[in-house]
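Excluded from the calculations below are hydrogen atoms, water molecules and symmetry mates; all remaining heavy atoms, backbone and side chain alike, are included. Computed from a predicted model, the values in this text were never measured in an experiment.
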Amino acid sequence: MVAVLSISASCTGSQAGGDSRQVDGDAVTGKAAAAKVLAVLEAFSLCQGEVGVAELARKAGLPKSTTHRMLGFLCDEGFVRTAAGRYELTVKVARLSSSGTDVDPGLYDRVLPYLTDLHETVKHPVLLVVRAGGVARVVKRVCGSRTAGFASHLGDTLPLHCTAAGKLLLAHAGIQAEQDLELHRYTDLTITDRAQLQRELVSARAGGIAADVNEWRLGVTSLAVALRGWGAVPAVITVVGPSVRVDVRAVAPQLRRLAHHATLGLRDSPLRSVAT
């Protein structure tokens, strides 16, 4: 990782034929720096959405000053983004994790034409979202020039329990994933009662669609449907926009039709679930 190399750049000044003890010391220093970066990255998986330095430091088991320094390197390399003193992982991390056991990385490009068609119809940002541990991660975003700022402000990670995409992914993730989730309150409308959340998840699983209105961000509404056909749900398509402009009853059938056509078009693509 380039970020790790940058951290230990000051340790690369040993000359050929120099003191071997200096080389050994450099290796130890570089290893320690890499361990700190990885600790911060792992701490994100224990949090939901945007998070502050203090919480990350606590989860990583590092001093706040060290955590802040590691976050600076990760931001410089594009793995983390920051706004108003809060931090979140970027889609760059999702792309790195798309190999192995996650969603087939080819899905992102294959589904893009369907996302574009939906955006042209509803005129709101359209996102492709997958589950990544305790959060939902945006891996594709389609929006126009007028909605780009709004979509970017939402960031690359979404909480599972109070966004349409998150609830739909959680509904198909199994009981343990739901029980392990911390129900953080974002607005007065955020679901923090597990019995109520369970009812929402049952409804989402049965109806194949989920919605949230002002649950995560005041003034933001989203709807989501799953790309079906592979057993577990590997990804969902969500429409998001200002609550005053998103007509849920009008968008829902358009979203369902698009997901149906996308599923048919991608049926021959072997996808693997991220719900692990």
Side-chain angles (χ1 to χ4, degrees), residues 38-64 67-68 70-71 74 79-91 93-94 97 101-102 127 129-139 153-205 210-222 224 226 232-233 235-236 238 240 273-276:
L38 293 175
V40 172
L41 287 173
E42 289 179 357
F44 275 102
S45 69
L46 303 175
C47 305
Q48 298 180 43
E50 298 173 346
V51 61
V53 176
E55 184 176 356
L56 279 173
R58 186 168 60 253
K59 301 284 188 183
L62 296 171
K64 186 175 178 181
T67 302
H68 189 270
M70 299 303 106
L71 287 168
L74 290 169
F79 291 99
V80 171
R81 58 184 285 171
T82 180
R86 309 281 289 179
Y87 295 84
E88 65 177 352
L89 297 176
T90 68
V91 70
V93 176
S97 65
T101 60
D102 293 333
L127 316 176
V129 184
V130 300
R131 180 174 163 240
V135 298
R137 185 146 341 265
V138 178
V139 292
H153 178 68
L154 296 178
D156 294 321
T157 59
L158 315 173
L160 291 173
H161 68 292
C162 58
T163 60
K167 285 189 280 189
L168 197 55
L169 289 166
L170 193 59
H172 292 270
I175 301 248
Q176 191 59 49
E178 174 196 338
Q179 293 176 342
D180 291 344
L181 200 63
E182 180 182 350
L183 304 185
H184 179 74
R185 180 179 294 280
Y186 292 91
T187 75
D188 289 341
L189 297 176
T190 301
I191 297 175
T192 57
D193 177 73
R194 292 197 180 276
Q196 182 182 356
L197 177 61
Q198 179 60 34
R199 290 191 293 271
E200 288 261 345
L201 299 184
V202 169
S203 175
R205 192 158 46 238
D212 88 81
V213 180
N214 302 321
E215 292 180 37
W216 176 42
R217 300 279 181 87
L218 289 176
V220 176
T221 289
S222 66
V233 177
V236 301
T238 183
V240 59
S273 174
V274 294
T276 58

Spacing of H161 atom NE2 and L181 atom CG [to the nearest 0.5 Å]: 6.5 Å
Minimum heavy-atom distance between L160 and A136, given as atom pair plus value: CD2-N, 3.7 Å
Examine distances only and state if a side-chain atom of T82 and a backbone atom of Y87 form a donor-acceptor pair shorter than 3.5 Å. no
Residues passing the side chain to side chain donor-acceptor pair (under 3.5 Å) test with T163, sequence neighbours excluded, are none
Separation between CG (D193) and CD (Q198), nearest 0.5 Å, reads 11.0 Å
If you look at every heavy atom in R131 and A173, which pair is closest and at what distance? NH1-CB, 3.7 Å
List the atom of N214, the atom of L218, and the distance in Å for their closest heavy-atom pair. OD1-C, 3.7 Å
If you count every heavy atom of other residues, nucleotides or ligands that lies below 6.0 Å from D188 atom CG, does the total exceed 12? no
Check whether T190 reaches the backbone of T187 with its side chain - one donor and one acceptor, N or O, closer than 3.5 Å. yes
Could you grab the distance from atom CG of L170 to atom CD of E200, nearest 0.5 Å is fine? 11.0 Å
Between CG on residue L71 and NZ on residue K64, distance to nearest 0.5 Å: 11.5 Å
Just verifying a value: how many Å separate H184 NE2 and I191 CD1, rounded to the nearest 0.5 Å? 14.5 Å
Less than 4.5 Å apart, side chain to side chain, heavy atoms only: is that true for V236 and L169? yes
Among residues at least two apart in sequence or on other chains, which ones pass side chain to side chain donor-acceptor pair (under 3.5 Å) with T192? R185
How close do L168 and A224 get, heavy atom to heavy atom, and via which atoms? CD2-O, 3.6 Å
Minimal heavy-atom distance between A132 and R137, with the atoms involved, is CB-NE, 3.9 Å
Check: D212 and S222 side chains under 4.5 Å, non-hydrogen atoms: yes
For the student: nearest non-hydrogen atoms of L41 and L74, plus distance: CD2-CD1, 3.9 Å
With A171, which residues qualify under side chain to side chain contact (heavy atoms under 4.5 Å, CB included), at least two apart? L201, A204, R205
Evaluate the ring planes of Y186 and W216, with Trp represented by its six-membered ring, and classify them as parallel (under 30°), tilted (30 to 60°) or perpendicular (over 60°). perpendicular
